[in-house]
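Below is one structure, written out as structure tokens; comments come after it.
Proteins get letters first, then strands, A, B, ... in listed order; numbering begins at 1 in each.
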Protein chains: 2
Amino acid sequence: MDRFKDVLKASNLKSTHQRLAILDSIDQFGHVDIDTLYDSIFQKYPTMSKATLYRNINDLISFHILEEVKLPQQKQQYEIKKVPHIHLLCSECGSVEDLFIETKPLLETIVSQSGFHISHSFIVMNGTCKVCASKTVKAFS
Amino acid sequence: MDRFKDVLKASNLKSTHQRLAILDSIDQFGHVDIDTLYDSIFQKYPTMSKATLYRNINDLISFHILEEVKLPQQKQQYEIKKVPHIHLLCSECGSVEDLFIETKPLLETIVSQSGFHISHSFIVMNGTCKVCASKTVKAFS
DNA sequence: TTCTAAATAATACTAATTACTATTTAAGAT
DNA sequence: ATCTTAAATAGTAATTAGTATTATTTAGAA
């Protein structure tokens, strides 16, 4: 449960119950928006204020411990910063799936074509997930 | 100036001065956030209310005439919906560049690897643009 | 021109986010 | 274990963002 203590220490941040609860909860959700997160944490810490949540999230983002996930037509979400990956957003069921995939060829094309130096990338694919696609029997057979 | 009249008509939306001003202004900016946009339009139409701006932007998005651009650490921006392209966000000067590039190979890999059906994609690259990169002479020679 | 559904302006209202400050706490030093 | 203090929190106020309402205006078709 306390694997995030080291992470916080590495950034000279104190391991408060609140921070550990925030990180733990986000980790369990995978991706989560501010309200869902607050409700979830409020169960364990009814005393935690929303201002604390906002402040911590912003702090953790600036220390690159958390990462924003901004998807079209959705409330902003947050996740634990992981190895680079892309997001698959299903427009049917609203699920968000992480896909760890090699993007180097694309990045190299971009660099050579634009002269832009890439530090990191954010990729979202909108469409229909495997499950929903299988449910939807197409009209044409 | 009125090339957007046809666009609006195609969606059965009335070509009000306000809408044309909004589209025209966004078009000129390329990408723009709500406040910059409002200030800009306010010059020509001091009577236009912010509620009208918000309402129109939402309407135009739902008719796929506008598109949201959600970049990390930035206020949400808007742009005229164009052919698919990716965004290059410079962390030095804050510029946002559009790059029209072939992403099909990446998309095909994703489909085959995940079974996800992609309808459209949203790609942001963070890094340093050509101009800023050339300004920053690296310490090692 | 006239007519009408659609759109706007102005304002009120609600939600989201940040700022502030007195109090509490993590964690290093003793 | 206790003390100390800088950092963090709780609670609330203030600010900012966004939506709803309604009387008035307008685009565009007849």
Side-chain angles (χ1 to χ4, degrees), chain A residues 1-25 32-63 65-66 68-78, chain B residues 1-25 32-63 65-66 68-78:
Chain A
M1 284 297 130
D2 290 348
R3 69 185 184 88
F4 289 113
K5 278 194 173 181
D6 299 334
V7 178
L8 290 171
K9 191 160 196 178
S11 295
N12 279 324
L13 294 171
K14 290 189 178 173
S15 288
T16 62
H17 296 133
Q18 292 84 344
R19 280 192 184 137
L20 292 171
I22 291 168
L23 288 168
D24 208 51
S25 186
V32 66
D33 67 87
I34 198 84
D35 289 326
T36 311
L37 182 58
Y38 183 68
D39 291 347
S40 144
I41 293 173
F42 191 80
Q43 312 282 9
K44 280 202 165 184
Y45 296 91
T47 158
M48 149 115 75
S49 79
K50 217 161 188 181
T52 298
L53 181 57
Y54 272 112
R55 184 173 26 70
N56 271 305
I57 281 184
N58 288 335
D59 291 351
L60 292 168
I61 286 172
S62 65
F63 278 100
I65 295 167
L66 290 182
E68 308 165 277
V69 184
K70 295 180 166 187
L71 303 171
Q73 317 280 33
Q74 292 206 358
K75 282 194 65 174
Q76 175 154 338
Q77 306 206 0
Y78 304 95
Chain B
M1 285 300 128
D2 288 349
R3 70 185 183 88
F4 289 112
K5 280 194 172 180
D6 300 334
V7 178
L8 290 171
K9 191 160 196 177
S11 296
N12 278 325
L13 295 172
K14 292 188 176 172
S15 288
T16 62
H17 296 133
Q18 293 84 345
R19 277 190 185 139
L20 291 172
I22 291 169
L23 288 168
D24 208 49
S25 186
V32 66
D33 66 87
I34 199 86
D35 290 325
T36 310
L37 182 58
Y38 183 68
D39 292 346
S40 144
I41 292 173
F42 191 80
Q43 312 281 9
K44 280 201 166 184
Y45 297 91
T47 158
M48 149 116 75
S49 80
K50 216 160 188 181
T52 299
L53 181 57
Y54 272 113
R55 184 174 26 70
N56 271 304
I57 281 185
N58 288 335
D59 291 351
L60 293 168
I61 287 173
S62 65
F63 278 102
I65 295 168
L66 290 183
E68 309 165 276
V69 184
K70 295 180 168 187
L71 303 171
Q73 318 279 35
Q74 293 204 1
K75 285 193 64 173
Q76 175 154 337
Q77 307 207 1
Y78 304 95

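Atom pair B:Tyr54:OH and C:dA9:C1' shows a separation of 17 Å (rounding to whole Å applied). Atom pair B:Tyr45:OH and C:dA10:P shows a separation of 15 Å (rounding to whole Å applied). The distance between atom CG of B:Leu13 and atom C1' of D:dG28, rounded to the nearest whole Å, is 13 Å. Rounding to whole angstrom units, NZ of residue A:Lys75 and C1' of D:dA17 are separated by 13 Å. The CG atom of B:Leu53 sits 13 Å away from the C1' atom of D:dT19 (whole-angstrom rounding). Rounding to whole angstrom units, CD of residue B:Gln74 and P of D:dA17 are separated by 15 Å. Atom CG of B:Asn56 is separated from atom P of D:dG18 by 15 Å (rounded to the nearest Å). In this entry the distance linking CE of B:Met48 with C1' of C:dA7 reads 12 Å, nearest Å.
Here B:Asn12 does not reach the OP1 or OP2 of D:dG28: none of its side-chain N or O atoms lies under 4.0 Å away. An OP1 or OP2 oxygen of C:dT18 is reached within less than 4.0 angstrom by no side-chain nitrogen or oxygen of A:Lys50. Under 4.0 angstrom from either OP1 or OP2 of D:dT9 there lies no side-chain N or O belonging to A:His17. Contact between the side-chain N/O atoms of B:Thr16 and the OP1/OP2 oxygens of C:dT8 is found at a separation under 4.0 Å. Between B:Arg55 and C:dT8 there is a side-chain N or O to OP1 or OP2 distance below 4.0 Å. For A:Gln18 and D:dA10, the shortest distance from a side-chain N or O to OP1 or OP2 is below 4.0 Å.
As judged by a 4.0 angstrom heavy-atom cut-off over every strand, B:Arg19 is placed among residues touching the sugar-phosphate backbone only. B:Ser49 comes within 4.0 angstrom of a nucleotide base, judged by non-hydrogen atoms across all strands. Across all strands shown, A:Thr52 has heavy atoms under 4.0 Å from base atoms, whether or not it also approaches the sugar-phosphate.
Taking each heavy atom of B:Lys70 and A:Lys70 in turn, the nearest pair found is CB-CB, 3.7 Å. Considering all non-hydrogen atoms of both residues, A:Asp35 and A:Lys75 come closest at OD2-NZ, 2.7 Å.
Contact check for B:Leu13 versus B:Leu60: side-chain heavy atoms found under the 4.5 Å cut-off.
The main-chain N or O of B:Met48 is found under 3.5 Å from a side-chain atom of B:Tyr38 such that the two form a donor-acceptor pair. Panel note: side chain A:Ser62, backbone A:Asp59; a donor-acceptor pair is recorded below 3.5 Å.
Candidate nucleotides C:dA27, C:dA10, D:dT19 were compared by shortest atom distance to the side chain of B:Asn58, and D:dT19 ranks first. Taking only side-chain atoms of B:Lys14, from C-beta outward, the nucleotide of C:dA6, C:dA26, D:dA17 with the closest atom is C:dA6.
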